[in-house]
Amino acid sequence: MELFDAIRTRRSVRKFQERPVEDDKLEQLLEAARLAPSWANMQCWHFIVVKDATKKAAISELSYVESFFAPKGYKANPAKKALAEAPVVIIACADPEKSGVLWEQPYYMTDIGIACQNLWLAARGLGLGTVFVGVFDEARLRELFDIPSNIRVVGLFPVGYPFEEKAGGPPRKPLIEIVYQERWGG
Ligand SMILES: Cc1cc2nc3c(=O)[nH]c(=O)nc-3n(C[C@H](O)[C@H](O)[C@H](O)COP(=O)(O)O)c2cc1C
């Protein structure tokens, strides 16, 4: 798939076929993440690949954060079923010490975000689907997967073959609203 087509047609995929994901495709996703640029090339990322059904079910249960979702009227994370049903879940972690901080702005989130977008676009290019799940109980996930306390869990990616091809997604702001010429607001 041509790069811009992948960028344009990538969607959040939350429903999958039962078909397993081939290991070589899984490796290509992780390779795409590995090749991402990062602060001083420090590569703060780590990924945990989970195929075990019991563990995926546990991850799914940890995807509801009441303080975040309840005020919005959500009874579950929209990706809850996807996490339990996808053939694979990838847990994206970052080591903040392996990235930079400037003007109190930590760049590990940028680094892992770029890596995750590489993974997401690679999935699209390979005919797979996924979604960035950013809301979950980090402390309990850490316990469940023996993740050290200095490591941040940043995203969960249920990966599989999409159940259906999505025609469109939520709209984006037009360029005119987000791009300025020569100065802010110009
Ligand atoms: C950092 C981040 C966190 C997200 N967290 C969740 C989440 O917890 N649950 C979920 O269902 N979708 C989550 N999403 C998916 C977004 O809702 C989705 O990307 C957005 O609505 C645009 O839709 P699209 O991906 O189909 O273009 C997240 C996306 C990002 C980038």
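Source: prediction; values computed, not measured.
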Asks: I'd like to know whether OH of Tyr180 has more than 12 heavy-atom contacts from other residues, nucleotides or ligands below 6.0 angstrom.
Replies: yes

Asks: Kindly give the heavy-atom pair with the smallest separation between Ala6 and Leu121, and that separation in Å.
Replies: O-CD2, 3.7 Å

Asks: Under a 4.5 Å side-chain heavy-atom rule over Ile, Leu, Val, Met, Phe, Trp and Tyr, are Val88 and Val13 clustered together?
Replies: no

Asks: How many angstroms lie between CG in Leu83 and OG in Ser60, if you round to the nearest 0.5 Å?
Replies: 5.5 Å

Asks: Who passes side-chain contact (heavy atoms from CB on, under 4.5 Å) against Glu138, sequence neighbours left out?
Replies: Phe136, Arg142, Arg152, Val153

Asks: Please walk me through it: do Phe132 and Phe157 pass ring-ring contact (aromatic ring centres under 6.0 Å, His included)?
Replies: CA-CA 5 Å; Phe132 193 133; Phe157 291 85; 4.9 Å; yes

Asks: Which heavy atom in Phe16 sits nearest to a heavy atom in Ala82, and how many Å separate them?
Replies: CE1-CB, 3.8 Å

Asks: Working to the nearest 0.5 Å, report the span between CZ of Arg8 and CG of Leu3.
Replies: 11.5 Å

Asks: Do other residues, nucleotides or ligands put more than 12 heavy atoms under 6.0 Å from Glu27 CD?
Replies: no

Asks: Which ILVMFWY residues are connected to Tyr64, directly or by a chain of links, through side-chain heavy atoms under 4.5 Å apart?
Replies: Val65, Phe68, Phe69, Tyr74, Val135

Asks: Taking atom CD of Glu18 as the centre, report whether more than 12 heavy atoms of other residues, nucleotides or ligands fall under 6.0 Å from it.
Replies: no

Asks: To the closest 0.5 Å, what do you measure between CD1 (Ile147) and CG (Asp95)?
Replies: 12.5 Å

Asks: Does Gln17, at its CD atom, have more than 12 non-hydrogen atoms belonging to other residues, nucleotides or ligands within less than 6.0 Å?
Replies: yes

Asks: Is a side-chain N or O of Lys56 found less than 3.5 angstrom from the main chain of Ala86, in a donor-acceptor match?
Replies: yes

Asks: Looking at Lys98, I'd like to know if its NZ atom is crowded, meaning that more than 12 non-hydrogen atoms belonging to other residues, nucleotides or ligands lie closer than 6.0 Å.
Replies: no

Asks: Heavy-atom distance under 4.5 Å between the side chains of Arg14 and Pro158, does that happen here?
Replies: no

Asks: Can you confirm whether Ile176 is buried at CD1, in the sense that more than 12 heavy atoms of other residues, nucleotides or ligands lie under 6.0 Å from that atom?
Replies: no

Asks: Taking the side chain as every heavy atom from C-beta outward, state whether Leu156 and Leu141 have any atom pair closer than 4.5 Å.
Replies: yes

Asks: Do the side chains of Val50 and Ile90 get nearer than 4.5 Å, heavy atoms only?
Replies: no

Asks: Check side-chain hydrogen bond (donor to acceptor under 3.5 Å, both in side chains) between Arg140 and all other residues, then give those that pass, not counting sequence neighbours.
Replies: none

Asks: Under 3.5 Å, which donor-acceptor pairs do the side chains of residues 105-120 form with other protein atoms, sequence neighbours left out?
Replies:
from	atom 1	to	atom 2	distance (Å)
Gln105	NE2	Tyr107	OH	3.3
Asp111	OD1	Trp39	N	3.0
Asp111	OD2	Trp39	N	3.4
Asp111	OD2	Ser99	OG	2.6
Asn118	ND2	Ala32	O	2.8
Trp120	NE1	Arg11	O	3.3
Trp120	NE1	Thr130	O	3.2

Asks: Would you check if Pro87 and Val159 make a side-chain contact, meaning some heavy-atom pair closer than 4.5 Å?
Replies: no

Asks: Within this structure, what is the CD1-CD1 distance for the pair Ile48 and Ile91, rounded to the nearest 0.5 Å?
Replies: 4.5 Å

Asks: When Lys51 is tested against each of Val89, Asp23, Val21 for side chain to side chain contact (heavy atoms under 4.5 Å, CB included), which residue passes?
Replies: Asp23

Asks: Which heavy atom in Leu144 sits nearest to a heavy atom in Ala58, and how many Å separate them?
Replies: CD2-CB, 3.6 Å

Asks: Partners of Glu165 by side-chain contact (heavy atoms from CB on, under 4.5 Å), sequence neighbours excluded?
Replies: Arg124

Asks: Are Leu62 and Ile59 connected in the hydrophobic side-chain network, where two residues link if heavy atoms are under 4.5 Å apart?
Replies: yes

Asks: Please report the interatomic distance CD(Glu22) to CG(Leu126), rounded to the nearest 0.5 Å.
Replies: 9.5 Å

Asks: Mark yes when over 12 heavy atoms from residues, nucleotides or ligands other than Glu66 sit less than 6.0 Å from its CD; otherwise mark no.
Replies: no

Asks: Quick check for you: to the nearest 0.5 Å, what is the distance between Trp45 atom CH2 and Arg34 atom CZ?
Replies: 10.0 Å

Asks: Yes or no on side-chain contact (heavy atoms from CB on, under 4.5 Å) for Glu61 and Lys80, after CA distance, side-chain angles and deciding distance?
Replies: CA-CA 7 Å; Glu61 289 304 320; Lys80 180 176 187 214; 3.6 Å; yes

Asks: Who passes side-chain contact (heavy atoms from CB on, under 4.5 Å) against Glu85, sequence neighbours left out?
Replies: Lys81

Asks: With hydrophobic residues grouped by side-chain heavy-atom distances under 4.5 Å, do Met42 and Leu102 end up in a single group?
Replies: yes

